[in-house]
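Let me begin by presenting the structure, written as structure tokens, before commenting on it.
Below, read A as the first sequence line, B as the second, and so on, with proteins coming before strands; counting in each chain starts at 1.
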Amino acid sequence: TADRRQVPVAEKRLMDVKLNQLGSWLGSRDFTPNGIISAVRRGHDRYYNKYINVKKGGIGGVAMLLAGYVVLSYVWEYDHIKHDRWRKYH
Amino acid sequence: MLSRLVFVTASGLKSSGPLGAGLVHASRSLHTSSQSLAPVPPLPEKGGKVRHGIFPEELFQLLYPKTGVTGPYMLGTGLLVYLLSKEIYVINHETFTAAAIGAVLIYGVKKFGPSVAAFADKLNEEKVAKAQEVKDVAMTNLTQAIENEKKEQWRVEGRGMLFDAKRNNVAMLLETNYRERLQMVTNEVKKRLDYQVALQNLHRQMEKEHMVNWVEKSVVSSITPQQEKESIAKCIADLKALAKTTQAKAAV
């Protein structure tokens with residue numbers, strides 16, 4: 001890659017952070033309410049501008065959100081669904 | 001395709017409720033960064049690629065170098081078998097419900113997808129066409145205004161010539177007036193001078209006449225009767241002499 005300036009760990013993107021730097025990277029993130037809200041907004045903007053705010057969007061944009069909702073709701077209900085298991089030992 | 005519909009309808013309801021899990025907010029934030037891009041860049045043509053409707057293409061690209069084309073599918077199968085065997089995913093009545101709903105959804109999407117997409121595209125196009133029309137009308141109006149402005153500027157150039165012609169007219173009027181007055185002055189002066197000349201002539205003539213009359217009168221009064229008799233006698237003698245000479249001439 002062309003220019004590899006020395007960027008401090010705090011400003012690196014998650015994919016560029018090495019595994020042993022993960023702890024310090026997490027520690028440097030902004031966990032104030034403002035920071036969390038801005039992080040959520042950034043994530044939303046990225047998803048929106050990639051999959052929905054286009055001229056010819058496909059079903060993927062909404063379908064992925066619905067699928068994620070289904071999976072998440074299954075995870076939340078697992079303690080209740082556990083009782084419908086067919087076998088006791090797996 | 002559904003996202004297109006969502007975009008079209010969501011832009012209608014500007015202030016919708018809080019972010020639900022599946023509801024997408026239609027607020028495109030412009031000018032968030034310090035650099036303002038004007039004109040606004042156009043929307044991308046297609047969204048991020050998604051395979052089978054729910055798996056983003058990036059996953060397939062991630063696994064391709066190590067496991068080739070079938071890698072993600074094998075991953076999916078393995079995961080599914082693991083979830084089923086360990087009963088992390090439990091098969092109960094909900095499974096059949098999900099299967100039925102899934103089948104209906106997939107059938108609906110496959111069958112009506114393109115038509116709904118075309119409809120949403122048409123709506124979008126109409127909106128874009130309206131905006132474009134406004135812009136075009138504005139452009140034509142502005143170009144027309146520019147033409148009119150240029151025409152006015154050209155007219156202003158002509159106005160200079162108009163003023164020159166008027167100036168010439170005024171100059172000619174002044175000249176004519178001046179010459180008229182000059183002529184009047186000359187006439188008046190000439191009349192005065194003629195009067196003086198006539199006066200002098202009259203003076204001289206009257207003097208001459210008077211002098212002639214006076215000389216005549218004095219001469220006539222100076223002829224005494226004796227002188228008159230003498231002059232008459234002389235005249236008779238002269239006449240006789242003359243008659244003698246003419247008689248002599250006639251005889252010869």
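Salt bridge annotation for D45(A)-R42(A): absent, with no cationic side-chain nitrogen under 4.0 angstrom from a carboxylate oxygen. Residues R155(B) and E152(B) are paired through a salt bridge, judged by an N-O separation under 4.0 Å between the basic side chain and the carboxylate. Taking a cutoff of 4.0 Å between a charged side-chain nitrogen and a carboxylate oxygen, E188(B) and R192(B) qualify as a salt bridge. We find that K130(B) and E126(B) are not joined by a salt bridge, their nearest charged nitrogen and carboxylate oxygen being 4.0 Å or further apart.
Under the ring pair (Phe, Tyr, Trp, His ring centres under 6.0 Å) criterion, Y74(A) pairs with Y89(B), not counting sequence neighbours.
Using a 4.5 Å cut-off between heavy atoms, I91(B) contacts chain A through both its backbone and its side chain. At a 4.5 Å heavy-atom cutoff, the contact between V90(B) and chain A is made by backbone and side-chain atoms alike.
Scanning residues 79-90 of chain A against chain B with a 4.5 Å non-hydrogen threshold yields I81(A), D84(A), R85(A), W86(A), R87(A), H90(A), sorted by number.
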Practice task
Report the C-alpha distance between K191(B) and D194(B) in whole Å, list the side-chain angles of each, state the deciding distance to 0.1 Å, and finish with yes or no for salt bridge (charged side-chain N to carboxylate O under 4.0 Å, His left out).
Solution key: CA-CA 5 Å; K191(B) 272 201 290 196; D194(B) 282 345; over 6 Å; no
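Y73(B) has its ring centre no less than 6.0 Å from the ring centre of F55(B).
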